[in-house]
Amino acid sequence: MAHLINSDVFLAFSTYATIVVLKMIFMSFLTVYHRMSEKAFSNWEDTRRVSKDPEERKKMLQTNANVERVRRCHQNDLENIIPFVVIGLLYALTSPDLSTALWHFRVFVGSRFIHTVSYVMAIPQPSRALSWIVGLLTTFSMAYSVLTTALFL
Amino acid sequence: MAHLINSDVFLAFSTYATIVVLKMIFMSFLTVYHRMSEKAFSNWEDTRRVSKDPEERKKMLQTNANVERVRRCHQNDLENIIPFVVIGLLYALTSPDLSTALWHFRVFVGSRFIHTVSYVMAIPQPSRALSWIVGLLTTFSMAYSVLTTALFL
Amino acid sequence: MAHLINSDVFLAFSTYATIVVLKMIFMSFLTVYHRMSEKAFSNWEDTRRVSKDPEERKKMLQTNANVERVRRCHQNDLENIIPFVVIGLLYALTSPDLSTALWHFRVFVGSRFIHTVSYVMAIPQPSRALSWIVGLLTTFSMAYSVLTTALFL
């Protein structure tokens, strides 16, 4: 495993997993940006910094379409990127062919960047649906590889 | 670790973790199915495919009870399956007894399938609560094993 | 890797990751506590145990401020603790200096406990914002270390 962990496949997995998880974290900052620029918060204590007037502060607790859109995109990341990381890690440990593995990681990470841009900019469908499906297909392909290599019930 | 990774315990973990993560991904498809069959969407651009009438499209953005139920079930998966995967991975690396480990994985994965069926079909309580608790207990048992084997603060 | 997995850095990662994931699971119990004590549920079948009167049961399906607060805190845990676990695992495998690694893990886990207390008790800002940022900074520092050590595109 010193051997497996230092393998190019594992290094590639580490690189792409880190990049795509950083992209996921970026959604938090985008949420904060929209909350501040549109003055739309979830918590009473967060409105204090913006205004002291209770009536004004109450209005800031209403849901905001832009904030909700970014949060849905973030949620979709959690629902798709975490399965990729889990299954990708196990896949990287099954000693797959380097170039096959690299293309799985690249296609997945690329699809998630396209998904985020499609979602946040509300680009007409099916751009978002397609990028979502392409990401899942690479995850399914890796899951198939793990199950055929490692099956032990 | 080549040795640890090729161990039966690690193969079993890989198998069960992959299966239960695939089950989690399945919730996305169930959400899409309900969104389409009940015409209930979250994004304006998603309603275009179904209708061109703005009034009709607005109605499709209302929340739908069946969609929300599946999404709550998916969220519960995220909150329980990810901790299992993290703690289960560390547990699998502590060289536990194979049969003990297998039963932890089997009980957890079984409990999550029962949980999903109970949730989605709205089976009367306490079926859902019990399956949730049984899954957590196997996670706690593995966490205890990790902390007693690997404690380093 | 037997060597990497048995290293003090990996044992430390296992310990802190397990502790912070258990803290995340604790949020589920806090949600259940508030749901029961304030009689605020999401599912019709969950209200049965409390009352047989349909009118009363319908009222229990309204959202409750305390429940929603805990759920937002739980969601923030998912969005921050999972990236820590993923990037921290990869970081622990890059053979970092033990004391540097230990301080990354300790600061992150400490920041999340402070974040939870700040959120749940609605302590005035910027306590919650600061604890959130400190946790992210340790994650970014580990991600930087992974990308400079393992970069393979």
Side-chain angles (χ1 to χ4, degrees), chain A residues 1-32 35-36 41-50 61 63 70-71 74-75 77-79 81-86 88-89 92-93 98 101-102 105-106 109-110, chain C residues 1-7 10 63 65-66 68-95 118-129 132-133 135-137 139-140 142-153:
Chain A
M1 176 73 181
H3 148 80
L4 272 180
I5 290 274
N6 295 322
S7 74
D8 289 346
V9 169
F10 199 85
L11 295 179
F13 171 73
S14 301
T15 304
Y16 286 99
T18 301
I19 289 169
V20 82
V21 168
L22 289 175
K23 190 225 78 61
M24 185 165 80
I25 294 176
F26 166 74
M27 304 313 290
S28 295
F29 290 95
L30 199 56
T31 303
V32 169
R35 284 201 185 286
M36 296 213 164
F41 301 95
S42 293
N43 300 291
W44 179 248
E45 67 268 25
D46 301 355
T47 62
R48 185 89 197 281
R49 194 188 43 77
V50 185
L61 295 181
T63 56
V70 175
R71 293 184 64 226
H74 198 168
Q75 184 71 14
D77 272 357
L78 288 171
E79 292 168 5
I81 290 177
I82 298 166
F84 164 79
V85 168
V86 173
L89 173 72
L93 296 175
L98 174 61
L102 269 172
F105 303 155
R106 284 169 186 158
V109 174
Chain C
M1 176 73 181
H3 149 80
L4 272 180
I5 292 272
N6 295 321
S7 74
F10 199 85
T63 56
N66 286 330
E68 294 308 309
R69 178 174 284 276
V70 175
R71 293 185 63 225
R72 286 196 299 275
C73 183
H74 198 168
Q75 184 69 14
N76 194 282
D77 272 357
L78 287 170
E79 292 169 5
N80 288 277
I81 290 176
I82 299 165
F84 164 80
V85 168
V86 173
I87 292 173
L89 174 73
L90 300 174
Y91 169 73
L93 296 176
T94 61
S95 312
S118 305
Y119 213 146
V120 172
M121 304 189 67
I123 292 174
Q125 290 281 23
S127 57
R128 196 183 91 228
W132 172 69
I133 278 292
L136 277 183
L137 288 178
T139 306
F140 288 152
M142 294 189 300
Y144 176 81
S145 186
V146 171
L147 289 180
T148 49
T149 314
L151 194 71
F152 190 104
L153 286 164

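Note that this is a predicted model, so its numbers are computed, not measured. The sequence lines fix the lettering, A, B, ..., with proteins before strands; numbering per chain opens at 1.
- Of the listed residues C:Glu68, C:Arg72, C:Gln75, the one with more heavy-atom pairs under 4.5 angstrom with chain A than any other is C:Arg72.
- Atom CD1 of A:Ile82 is separated from atom CD1 of C:Ile82 by 3.5 Å, given to the nearest 0.5 angstrom.
- Comment: A:Glu45 engages C:Arg69 in a salt bridge, judged by a side-chain N to carboxylate O separation of less than 4.0 angstrom.
- Within a 6.0 Å sphere centred on CZ of A:Phe26, heavy atoms belonging to other residues, nucleotides or ligands number 12 at most.
- For the atom pair OG1 of A:Thr15 and CG of C:Leu151, the computed distance is 5.0 Å after rounding to the nearest 0.5 Å.
- Heavy-atom minimum distance, C:Phe152 versus A:Asp8: CE1-CG, 3.4 Å.
- Only the side chain of A:Ala17 comes within less than 4.5 Å of a heavy atom in chain C; its backbone stays farther off.
- Highest contact tally toward chain C, considering only A:Ile81, A:Ile25, A:Asn43, is held by A:Asn43 [criterion: heavy-atom pairs under 4.5 Å].
- With a threshold of 4.5 angstrom between heavy atoms, C:Leu90 approaches chain A through side-chain atoms but not through N, CA, C or O.
- Contact annotation: the side chain of C:Glu79 approaches that of A:His74 to within less than 4.5 Å [non-hydrogen atoms, C-beta and beyond].
- Heavy atoms closer than 4.5 Å to chain A are found in both the backbone and the side chain of C:Leu153.
- Residues of residues 142-149 of chain C that come closer than 4.5 Å to chain A, counting heavy atoms only, are C:Ala143, C:Val146, C:Leu147, ordered by residue number.
- You'll find the side chain of C:Pro83 reaches within 4.5 Å of the side chain of A:Met24, heavy atoms only.
- Contacts between A:Leu98 and chain C at a heavy-atom distance below 4.5 Å involve the side chain alone, from C-beta outward.
- For a residue to count as touching a neighbouring chain, one of its non-hydrogen atoms must lie under 4.5 Å from one of that chain's; by this rule C:Leu136 touches chain A with the side chain only.
- If you measure heavy-atom distances from A:Arg106 to chain C, the contacts under 4.5 Å come from the side chain alone.
- Atom CG of C:Asn76 and atom OG of A:Ser28 lie 7.0 Å apart (nearest 0.5 Å).
- Proximity to chain A is limited to the side chain of C:Phe140, based on heavy atoms less than 4.5 angstrom apart.
- Contact annotation for A:Val32: only side-chain heavy atoms (C-beta onward) come within less than 4.5 Å of a heavy atom of chain C.
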